[in-house]
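Read the structure below first, then the notes.
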Protein chains: 2
Amino acid sequence: MKRDSRLSGVLHVLLHMAQKPGPFTSETLAKAMDTNPVVIRRIMAGLRDLGYVRSEKGHGGGWTLACDLSKVTLRDVYIALGSPTLLAMGNRTEAPDCLVEQAVNAVLDQAFHDAEALLLARLGEVTLAMLSDDLRKRLGSRKHQGMSAHHG
Amino acid sequence: MKRDSRLSGVLHVLLHMAQKPGPFTSETLAKAMDTNPVVIRRIMAGLRDLGYVRSEKGHGGGWTLACDLSKVTLRDVYIALGSPTLLAMGNRTEAPDCLVEQAVNAVLDQAFHDAEALLLARLGEVTLAMLSDDLRKRLGSRKHQGMSAHHG
DNA sequence: AATAATGTAACATGTAAAGTTACATGAAAC
DNA sequence: GTTTCATGTAACTTTACATGTTACATTATT
């Protein structure tokens, strides 16, 4: 199944933004992500609504970080995206009349729920600040090679 | 994202089959699942190749269980389906040049991997026999109401 | 006013599961 | 041995959804 990469994408954007003050236009960010400005605006909309970033129109406008990076976890970002489906598998039908289906659903639901809970817990353990620190370390260990964070 | 229900579906089929000797035609099973016979053959193909079920052509043919239900776990069934993608989310790109993307991938991969491992472990804990027992309990507790396992 | 940005709707594309059609193959019944 | 009933499988259609794109309204700066 085709996998949803919005979380990966929006984290990429946020990390880019955390490296320097901004603001960043959707077009700039889109180029760094090799995608379309409208896609950037779409995945950022939820973050804006929750106050994690700010967007301004007109000359000199664009996107700015508006939160304490050490207070926002990847789970928060995931939720800001609208909590998209985590698992690629699901039950054929929910609340079926068929007892066979009920038995199957019961055991699968348990396994699915556990896996989702673990994934959300893991995402909840990592803040944007931690991610940004990790990036800075990666950048640092490449400095002596004269390379930058941006794409070549 | 649209979720893959093949595991749910094939378990439903196997559980139906575990309730009485068979053989069952694809058409019979398809009716119980409210789907198409070809879909049944498709999701059963992997199980047949691994010897969990047998299929016979011609008059009186159809599908038969061919394994010890207490030896086959839901994980085995999942693998028989060809180990389809478990998570609906993934990284934008694998092995990217961009350090930002690498930092994002690193943390997400860890979380994704843990969740997948847990899900597979949970599926590995449940055998088809356990599932069948659970179903029989559900059937038993409805007997006094004069209901059957099949759809109304 | 002109320009540069976001906001958003509408539409196109890509991908994978699910559903369907068609037909070849093989086994049993007659 | 031919008819019937079953699986096996390829090819195509449908559906769902993320992604990509176009178009245009809105708003802020110059």
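A note on names: the letters A, B, ... follow the listed sequences, proteins ahead of strands, and every chain is numbered from 1. In this text the structure is predicted, and so the values were computed from the model without any measurement.
Across the interface with DNA chain C, nearest-nucleotide mapping of A/Glu27 and B/His59 shows A/Glu27 to be the residue nearer the 5′ end.
A/Glu56 comes within 4.0 angstrom of sugar-phosphate atoms only, judged by non-hydrogen atoms across all strands, and of no base. As judged by a 4.0 angstrom heavy-atom cut-off over every strand, A/Arg48 is placed among residues touching the sugar-phosphate backbone only. Note on B/Gly60: nothing from the nucleic acid sits closer than 4.0 angstrom, heavy atoms only.
In this structure, B/Glu27 places its CD atom where only 12 or fewer heavy-atom neighbours from other residues, nucleotides or ligands lie under 6.0 Å away.
Between the side chains of B/Thr28 and B/Thr25, at least one donor N or O lies within less than 3.5 Å of an accepting N or O.
Taking atom CE of residue B/Met89 and atom P of nucleotide D/dA18, one finds them 10 Å apart after rounding to whole Å. Taking atom CG on B/Leu47 and atom C1' on D/dT7, their separation rounds to 15 Å, with Å as the unit. Distance CZ (B/Phe24) to C1' (D/dA6): 15 Å, rounded to an integer number of Å. One interatomic measurement links the two molecules: CG of B/Leu87 to C1' of C/dA16, which rounds to 16 Å at whole-angstrom precision. Taking atom CD1 of residue A/Ile40 and atom P of nucleotide C/dT8, one finds them 16 Å apart after rounding to whole Å. Atom-to-atom, CZ of B/Arg92 to P of D/dA18 comes out at 17 Å; the value is rounded to the nearest Å. Look at CG on B/Leu29: it is 16 Å from C1' on D/dG8, rounded to the nearest Å. Rounded to whole Å, the distance from CE on A/Met33 to C1' on D/dT19 is 12 Å.
When each of C/dT21, C/dT8, C/dG19 is scored by its nearest atom to the side-chain atoms of A/Val38, the top-ranked nucleotide is C/dT8. When distances run from any side-chain atom of A/Lys2 to the nucleotides C/dG19, C/dA16, D/dT27, the shortest one goes to C/dA16. Taking only side-chain atoms of A/Arg6, from C-beta outward, the nucleotide of D/dT21, D/dT27, D/dA18 with the closest atom is D/dA18. Distances from the side chain of A/Ser26 to the nucleotides C/dT6, C/dG19, D/dA23 place C/dT6 closest.
In the interface, the side chain of A/Arg42 is paired with the base of D/dG20 through a donor and an acceptor atom under 3.5 Å apart.
With respect to the salt-bridge test (charged N to carboxylate O, under 4.0 angstrom), the residues B/Asp133 and B/Lys137 do not qualify.
One finds no side-chain N or O of B/Thr25 lying less than 4.0 angstrom from the OP1 or OP2 phosphate oxygen of D/dC5. Between A/Ser55 and C/dT6, a side-chain N or O to OP1/OP2 separation shorter than 4.0 Å is absent. OP1 or OP2 of C/dT6 has at least one side-chain nitrogen or oxygen of A/Arg41 nearer than 4.0 Å. Side-chain nitrogen and oxygen atoms of A/Ser5 include none within less than 4.0 Å of the OP1 or OP2 phosphate oxygen of D/dA18.
Tracing side-chain contacts under 4.5 Å through hydrophobic residues (I, L, V, M, F, W, Y), one reaches A/Leu50 starting from A/Leu120; they form part of the same cluster. With hydrophobic clusters built from ILVMFWY side chains whose heavy atoms lie under 4.5 angstrom apart, A/Val39 does not share a cluster with A/Trp63. Each of A/Leu118 and B/Leu86 belongs to its own hydrophobic cluster when Ile, Leu, Val, Met, Phe, Trp and Tyr are linked at side-chain heavy-atom distances under 4.5 angstrom.
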